[in-house]
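Here is the structure we will look at, set down as structure tokens.
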Number of protein chains: 2
Amino acid sequence: MYTESIEDYLKAIYEIQKENGKVSTNSLSEMLSVAPASATGMIKKLSEKKLVTHKRYQGVKLTKAGQKISLEIIRHHRLIELYLAEALGVPWDQVHEEAEKWEHVLSEDLEDRMDAALGYPTRDPHGSPIPSRDGTILELDSIPLADLRAGQSAVVDEVSDHDPDLLRYVGKMGLYPKTKFKVLSIEPFNGPIKIKVEKSEHILGPGAAQYVFVTDIKGSKSEASQ
Amino acid sequence: MYTESIEDYLKAIYEIQKENGKVSTNSLSEMLSVAPASATGMIKKLSEKKLVTHKRYQGVKLTKAGQKISLEIIRHHRLIELYLAEALGVPWDQVHEEAEKWEHVLSEDLEDRMDAALGYPTRDPHGSPIPSRDGTILELDSIPLADLRAGQSAVVDEVSDHDPDLLRYVGKMGLYPKTKFKVLSIEPFNGPIKIKVEKSEHILGPGAAQYVFVTDIKGSKSEASQ
DNA sequence: AATAGAATTTAGTGGTATCTAAAAATAATA
DNA sequence: TATTATTTTTAGATACCACTAAATTCTATT
């Protein structure tokens, strides 16, 4: 087994790799709230353990072994998030923080039991795909809500889970995964977006709309899909 | 918050204090599988933090503050054990090991949710009392099954949870907490004990009978209750 | 190409918790 | 009481992982 720190770094590397492509020492240190020098030290250790490859000043990349572990931790994390939400009624803006601690102490046996109790789910409460046990993960092609145009309808696919305030904010308007909505208007230059969910209308700030990812777009063409 | 190590030591001190009365450096080191020197070091640290009092070569004793924390951890541990057994069907010989890891990462909020989901229980799967939130715990007055006499009936109150093999062994004969049984015969000099549970008879080794605690004794007098 | 600025790494430290080996204190026994 | 045996503590080392401060390397700009 690996230390909690190692698991945290591997998970962070996977997530940055997915969002930004390149994983720099600084991006790692920022995501984990440690000093850059600490990240350098851990990168060195991960390299020695063949969990990442590293070229000085060029960033790190997960090896096959490293990615396997990352996805195991992410699987733990997302299964736990869903379990807490479903079985214990924990609100979706709190499950992330709890899962951050639990993910490191989940045995394979309990992982299986939770998985079965939940009916072998494929998405966590924020819509993020749950990796399978063998280390495969669904790649989403959803786009930010902010890229839609007035008149379009879409379905929420995934909401970024790193900011509880954001989750509470979009939760208040009912923008949970699988929820259908329509863009009534969208102001230029990253202005506010008026949307209709069920029967009620809401105004969504552009900052938030950047972190709500949607799919199943219907209506006139969107910018991003051209 | 305290470190995981500190929590482990406090819990161990409580348990040894309860079983043996005196908590020596060696008993601590043995229970936690660390070198005696390590226990000495931690005792020093706990003393400085006013969680235990310590007289050289005389053993340690929990302070009020120390006992409060111990009982919080034990509450976590036992709630988790019961939750795993009830909600996820984990067998009673496995819940201890899992709870050892989980007890350190359980938030107050989740503690409350589990407590409520279980209907505010008072005993864990092994019959051990679950401390209340305010740090009170039921004191059991049950006695070892080994101290019963032929002809007596009793009810299982608690089974020691530290050895999974023991739990599987007594579980096979159905000796779970609240189970009524009758002693058919008991051989002298710590000999085997013949018991009847429900409609079937079993032979129980004396080593195991030492760790099954019973209450509600009916029939001729037992040695221990005289 | 030189240089300023940013990113990264090295060097040295501190805290936590463990270990082994040896010394010291206490308890048991002859 | 003196000696032996046991228990406990001290001393010194190691692993992990963070930190700050300073040096290095790369990048971008003039």
Side-chain angles (χ1 to χ4, degrees), chain A residues 1-17 19-62 66 69-70 73 100-101 103-105, chain B residues 1-14 16-17 19-62 65-66 69-70 73 100-101 103-105:
Chain A
M1 271 315 283
Y2 295 97
T3 65
E4 208 168 303
S5 270
I6 286 180
E7 292 184 350
D8 282 337
Y9 273 92
L10 290 175
K11 189 161 64 102
I13 291 167
Y14 182 91
E15 279 161 5
I16 297 169
Q17 199 168 58
E19 261 188 48
N20 299 10
K22 191 191 156 190
V23 185
S24 65
T25 301
N26 268 357
S27 63
L28 253 182
S29 80
E30 200 179 328
M31 166 146 307
L32 293 166
S33 303
V34 296
S38 306
T40 297
M42 182 56 89
I43 288 168
K44 209 172 169 185
K45 172 176 291 183
L46 295 176
S47 268
E48 282 161 7
K49 291 188 188 294
K50 311 262 189 203
L51 297 172
V52 303
T53 53
H54 180 227
K55 284 187 195 139
R56 286 166 60 104
Y57 294 88
Q58 302 260 100
V60 290
K61 225 190 128 202
L62 291 168
I69 297 164
S70 302
I73 306 296
E100 284 288 302
K101 299 179 297 182
E103 62 190 9
H104 302 293
V105 296
Chain B
M1 271 315 281
Y2 295 97
T3 65
E4 207 167 305
S5 269
I6 286 180
E7 292 184 348
D8 283 337
Y9 275 91
L10 290 175
K11 188 162 64 104
I13 291 167
Y14 182 92
I16 297 170
Q17 199 167 59
E19 260 187 49
N20 299 11
K22 191 191 154 190
V23 184
S24 66
T25 301
N26 268 359
S27 63
L28 252 183
S29 80
E30 200 180 327
M31 166 147 308
L32 293 166
S33 302
V34 297
S38 306
T40 296
M42 181 57 88
I43 288 167
K44 210 171 168 186
K45 172 174 290 181
L46 295 177
S47 267
E48 283 161 6
K49 292 187 188 294
K50 311 262 189 204
L51 297 172
V52 303
T53 54
H54 180 228
K55 284 187 194 138
R56 285 167 59 104
Y57 293 87
Q58 302 261 99
V60 290
K61 222 189 130 204
L62 291 169
I69 297 164
S70 302
I73 306 297
E100 284 289 302
K101 300 178 297 182
E103 62 190 9
H104 302 293
V105 296

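In what follows, chains are A, B, ... by sequence order, proteins preceding strands, each numbered from 1.
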Keeping to residues at least two apart or across chains, list the side-chain hydrogen bond (donor to acceptor under 3.5 Å, both in side chains) pairs with something in residues 39-57 of chain A. none
Side chain proximity check, A/Glu103 to A/Lys11, heavy atoms < 4.5 angstrom: yes
Atom pair NE2/CD1 of A/His104 and A/Ile73 - distance to nearest 0.5 Å: 6.5 Å
Under 4.0 Å: is that the gap between some side-chain N or O of B/Lys45 and OP1 or OP2 of C/dA17? yes
Which residue pairs pass the side-chain hydrogen bond (donor to acceptor under 3.5 Å, both in side chains) test when at least one of the two sits in residues 24-37 of chain B, sequence neighbours left out? B/Ser24-B/Ser27
Side-chain N or O of B/Thr3 versus OP1/OP2 of C/dA17: is the shortest distance under 4.0 Å? yes
Separation of C/dA7 P from A/Gln58 CD (nearest whole Å): 15 Å
Close N or O pairs between protein and nucleotides 23-25 of chain C (under 3.5 Å):
from, atom 1, to, atom 2, distance (Å)
C/dA25, O4', B/Tyr57, OH, 3.2

Applying side-chain hydrogen bond (donor to acceptor under 3.5 Å, both in side chains), can you list everything that pairs with A/Gln17, at least two apart in sequence or on another chain? none
Rounded to whole Å, the NZ-P distance (B/Lys55 to C/dA27) equals 13 Å
What distance separates B/Ile6 CD1 from B/Leu51 CG, expressed to the nearest 0.5 Å? 7.0 Å
Where along residues 35-42 of chain A does a heavy atom come under 4.0 Å from DNA chain D, residue by residue in number order? A/Ala35, A/Ala37, A/Ser38, A/Met42
Measuring only between side-chain heavy atoms, which start at C-beta, is A/Val34 closer than 4.5 Å to A/Tyr9? yes
A/Asn20 CG to C/dA7 C1', in whole Å, measures 15 Å
Heavy-atom distance under 4.5 Å between the side chains of A/Ile13 and A/Val52, does that happen here? yes
Quickly work out the B/Glu48 CD to C/dT16 P distance and round it to whole Å. 10 Å
Under 4.0 Å, counting only non-hydrogen atoms across every strand here, what does B/Tyr9 touch: a base, just sugar-phosphate, or nothing? sugar-phosphate
Distance check needed: C/dT26 P versus B/Lys22 NZ, whole Å only. 12 Å
Distance check needed: C/dG5 C1' versus A/Asn26 CG, whole Å only. 13 Å
Report yes if the side chains of B/Lys61 and B/Val23 come closer than 4.5 Å at any heavy-atom pair, otherwise no. no
Mind calculating the distance between CG (A/Leu28) and P (C/dA7) to the nearest angstrom? 14 Å
If you measure from CD on A/Glu15 to CG on A/Asn20, what distance do you get to the nearest 0.5 Å? 11.5 Å
To the nearest angstrom, how far is A/Ile43 atom CD1 from C/dT10 atom P? 11 Å
Within-4.5 Å side-chain heavy-atom neighbours: B/Leu46 and B/Val60: no
With a 4.0 Å cut-off (strictly under) to non-hydrogen atoms of chain A, the first and last hit nts on DNA chain D, 5' to 3', are D/dC16 to D/dC26
